[in-house]
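Worth saying up front: this structure is predicted, and the values here are computed from it rather than measured.
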Amino acid sequence: MPSPFPHVLANFSSLKSLKLKDCQLHGEFPVSIFQLPNLEALDISYNFYLSGFIPDLHWGCQLSGPITYSFENLTQLISLQLYYNNLQGKIPSSIWELKDLEFLDLSWNNLSGTVDLHKLKKLRMLDLAFDNISFASKADINATLPKLSILGLDSCNLHEFPKFLAYASRLEDIDLSHNNIKGSVPMWMWNGSRESLFYMDLSHNFLTGFENKQINLPLPKLIDLDISSNQLKTKLPSPPPSMYYYNISYNFLIGEIQSICSVRFLVILDLSNNSLNGTIPSCVGNMDYLSFLNLRKNKLVGMIPHAYPKGCMLEIIDLSENRLQGPTPRSLANCTKLEYLNLAHNQILDGFPFWLSELTKLKVVILKSNKFYGSIEAYQSQFNFSYMHIMDLSYNSFNGKLPCKLLQSLHTMEVITRQERLEYMTIQALDPFDNVYMEFEVYDMKLMNKGTEREHSKVPFALMQIDFSNNKFEGHIPDLIGDLKSLILLNLSSNVLTGSIPPSLANLTLLESLDLSQNKLSGEIPLKLAQLTFLSYFNVSNNQLSGPIPQGSQFNTFSIDSFTMNEGLCGSPLPKKCTNVGDNLPLPPSPHEKFGEESLFNSEWKFVLIGIGVGFFIGIVLGNLIIDEKSMWFLHYSERMAKGWKRLGSH
């Protein structure tokens with residue numbers, strides 16, 4: 001039927017079913033078809049030249065309440081999918097009688113009950129995630145499920161491994177995460193019948209080890225293994241050579257990590273938050289696809305591997321909270337995709353790694369709590385940190401002036417970007433098998449936030465932070481910091497900074513935390529800082545400041561601790577009152593107050609007074625022109641001026 005879509009069909013109000021699949025129709029599809037009151041089925045697929053759009057009809061089911069329907073008469077049912085609803089109550093027992101059922105998905109509801117699988121011999125996919133279930137003991141033993149390939153039982157309140165898994169020989173995808181499974185992983189989870197297994201997630205349980213202390217996993221095709229957030233007290237299990245995602249973080253693993261070198265295709269490697277020791281093997285720099293390397297919070301020693309070849313794929317490196325020494329490897333400059341580098345809390349002895357400026361995609365650099373030293377500004381004439389969001393150099397021995405050239409290169413911090421929804425920093429890692437990119441929210445860091453070090457499991461894309469605290473920086477705070485308008489956290493505390501607080505900091509309208517304490521700053525606190533309406537943490541204690549503390553807005557919420565050890569400061573919240581003339585003058589109006597009622601009233605008076613002055617001048621100089629026939633305009637204006645005088649008198 002190679003013709004335009006027949007719009008006349010939109011007039012058939014009794015139409016229940018319309019199927020025009022693969023008919024070579026073209027032209028515009030009428031939206032009014034979707035408004036037919038009795039339409040139940042519509043199929044216009046494979047008409048490649050049809051255009052138009054589907055209106056938002058809120059078709060999501062959002063079914064709620066119990067499943068009261070009996071399925072016993074649907075003897076030939078192959079697929080039943082009721083996922084992502086708000087169904088409650090017991091799962092009908094009649095479902096377990098559907099012998100021809102191949103696909104069963106009741107996930108993301110609030111269902112409960114006993115699962116009896118022994119009659120479902122044809123089952124290929126079973127997903128009961130986020131349902132509160134248990135398995136019938138008889139069925140759990142006898143259910144062979146020879147065709148089952150996908151099993152989703154995450155967040156099901158399970159307390160042990162389901163026994164039928166020992167006989168499900170064709171499983172490709174197993175998810176048992178976020179349960180209460182305790183003890184050791186049984187041997188039959190790794191037996192030879194698992195040759196088809198690609199994906200296994202056992203994370204967020206209470207597993208303590210592997211039966212018979214087996215750490216070699218005989219799963220030749222396994223590419224994705226997550227056993228994170230358990231209680232494993234064993235050596236690092238050797239991953240299969242085909243693995244590309246390996247996450248065994250947040251356990252109690254011991255021993256060295258050399259076994260990872262046998263894996264050629266690793267993309268994501270997360271061994272963080274364990275007790276692993278020894279050195280970092282040099283192979284991590286030569287893995288062709290490795291994008292994410294997280295060895296944080298272990299007991300690793302020695303130097304960071306120095307061999308990173310050109311074409312290095314690393315995007316995230318987190319080696320923080322170890323015992324690493326030596327300099328930062330210069331060859332990391334070959335990792336041109338690097339976005340995140342965290343070396344915090346080690347014993348690295350080096351000058352500022354100026355070559356980081358060559359990595360134009362860098363968003364996060366955290367070098368805090370090491371032994372970095374020297375002047376930053378002296379290294380080169382130009383920096384390029386255009387995409388930087390977070391730079392933390394705190395708790396080191398950097399000295400000299402604050403690095404103006406580096407600050408001038410932080411171009412992303414100069415622009416306030418409006419976001420309609422909260423977005424988080426992500427990376428895109430290449431899947432070596434499908435040659436496609438996968439997106440992960442994998443940033444995980446500790447940052448000093450409002451006077452407290454806080455853990456960030458994922459970081460908002462809008463978070464902009466500079467922390468140069470606890471170093472030996474000296475000299476003035478440069479005015480150009482006021483150009484970094486998207487800054488949210490700024491910490492320059494515990495240095496040797498002198499001079500005054502630049503009023504340009506009032507340009508940082510998104511600033512939530514400002515810490516300038518423990519320096520030698522003098523002069524007054526700029527009154528304009530009271531215009532920072534998002535400022536919830538402010539600390540200038542232990543300086544040499546003087547004059548009145550700004551009043552109003554956020555400054556009324558700061559405690560006395562924010563201003564102590566400044567002998568010249570006065571005003572609330574300090575007990576010292578301001579006595580000098582002008583100390584208690586009102587603050588200049590904030591941008592939000594300039595258009596308030598009082599401001600408009602004052603502006604009106606100004607215009608009246610200006611009008612009086614101008615009118616008086618015109619009256620004296622041009623009085624003799626009234627008799628001129630061209631003076632009608634002046635007469636009209638004089639009449640308006642008289643009304644102004646009358647209005648003034650009424651006030």
Side-chain angles (χ1 to χ4, degrees), residues 115 117 126-129 133-135 137 140-141 143-145 148-257 259-260 262-263 266 268-276 298:
V115 177
L117 300 174
L126 174 65
D127 197 341
L128 302 174
I133 61 169
S134 60
F135 289 91
S137 57
D140 201 13
I141 295 174
T144 55
L145 304 178
L148 187 65
S149 61
I150 299 175
L151 177 65
L153 297 177
D154 55 308
S155 306
C156 286
N157 197 27
L158 298 176
H159 289 78
E160 61 180 359
F161 287 96
K163 299 293 191 302
F164 71 84
L165 288 178
Y167 310 102
S169 59
R170 294 189 181 181
L171 274 171
E172 298 178 3
D173 186 321
I174 301 175
D175 190 347
L176 300 176
S177 63
H178 295 87
N179 281 292
N180 297 307
I181 303 175
K182 300 177 176 64
S184 297
V185 181
M187 286 288 293
W188 47 260
M189 284 293 292
W190 319 103
N191 63 25
S193 61
R194 295 281 181 243
E195 292 186 359
S196 60
L197 192 63
F198 290 99
Y199 172 92
M200 178 180 286
D201 191 346
L202 305 177
S203 64
H204 294 87
N205 279 286
F206 298 93
L207 301 172
T208 56
F210 304 95
E211 190 176 358
N212 294 339
K213 298 183 179 180
Q214 181 173 353
I215 60 172
N216 293 316
L217 309 182
L219 303 170
K221 294 184 179 179
L222 191 67
I223 60 175
D224 191 322
L225 177 61
D226 191 342
I227 326 179
S228 61
S229 299
N230 277 282
Q231 299 176 1
L232 296 174
K233 300 176 182 178
T234 178
K235 291 185 177 180
L236 179 68
S238 301
S242 58
M243 189 87 68
Y244 75 73
Y245 180 97
Y246 189 27
N247 185 354
I248 197 167
S249 60
Y250 289 92
N251 279 285
F252 302 98
L253 299 177
I254 58 174
E256 299 190 353
I257 63 176
S259 61
I260 63 172
S262 62
V263 187
L266 268 178
I268 307 292
L269 176 61
D270 192 345
L271 309 179
S272 62
N273 292 270
N274 281 287
S275 296
L276 297 166
N298 280 286

Should V115 and F164 be marked as a side-chain contact (heavy atoms from CB on, under 4.5 Å) after you check the CA-CA gap, both sets of side-chain angles, and the distance that decides it? CA-CA 12 Å; V115 177; F164 71 84; over 6 Å; no
Show the nearest heavy-atom pair for residues S259 and S262, with the distance to one decimal. O-OG, 3.0 Å
Just verifying a value: how many Å separate L197 CG and I223 CD1, rounded to the nearest 0.5 Å? 10.0 Å
Measuring from atom CD1 of I254 to atom OG of S275, what distance do you get when rounded to the nearest 0.5 angstrom? 8.5 Å
Take L148 and L126 through the test side-chain contact (heavy atoms from CB on, under 4.5 Å) and record every step on the way to the result. CA-CA 8 Å; L148 187 65; L126 174 65; 4.2 Å; yes
Does M187 offer a backbone N or O that forms a donor-acceptor pair with the side chain of N212 under 3.5 Å? no
Would you compute the distance between atom OH of Y246 and atom CG of L222 and round it to the nearest 0.5 angstrom? 10.0 Å
Straight-line distance of H159 NE2 to N179 CG, nearest 0.5 Å: 9.0 Å
From CA spacing to verdict: side-chain hydrogen bond (donor to acceptor under 3.5 Å, both in side chains), S249, N273: CA-CA 6 Å; S249 60; N273 292 270; over 6 Å; no
Taking the side chain as every heavy atom from C-beta outward, state whether I150 and D127 have any pair of such atoms under 4.5 Å apart. no
Write down the atom of I181, the atom of N205, and the distance for their closest heavy-atom approach. N-OD1, 3.1 Å
Which pair of heavy atoms, one from N157 and one from N180, lies closest together, and at what distance? OD1-ND2, 2.9 Å
Measure the shortest side-chain to side-chain distance between D201 and D154 over non-hydrogen atoms and say whether it is less than 4.5 angstrom. no
Minimum heavy-atom separation for L158 and I133, please, with both atom names. CD2-O, 4.1 Å
What distance separates D226 CG from N247 CG, expressed to the nearest 0.5 Å? 4.5 Å
Take Y199 and E172 through the test side-chain contact (heavy atoms from CB on, under 4.5 Å) and record every step on the way to the result. CA-CA 6 Å; Y199 172 92; E172 298 178 3; over 6 Å; no
Taking atom NZ of K233 as the centre, report whether more than 12 heavy atoms of other residues, nucleotides or ligands fall under 6.0 Å from it. no
Side-chain (S155) to main-chain (A129) donor-acceptor, under 3.5 angstrom: no
Minimum heavy-atom distance between T208 and S184, given as atom pair plus value: OG1-N, 4.0 Å
Rounded distance [0.5 Å steps], CD1 in I227 versus CG in L217: 6.5 Å
Taking N251 for the side chain and N230 for the main chain, is one N or O donor matched with an acceptor at less than 3.5 Å? yes
Shortest non-hydrogen separation from M189 to L219 and the atoms involved: O-CD2, 4.4 Å
Heavy-atom side-chain proximity of L271 to L253 below 4.5 angstrom: no
Assess the residue pair L165 and L176 against the criterion (side-chain contact (heavy atoms from CB on, under 4.5 Å)); give the C-alpha distance rounded to whole Å, side-chain angles, the decisive distance to 0.1 Å, and a yes or no. CA-CA 11 Å; L165 288 178; L176 300 176; 3.9 Å; yes
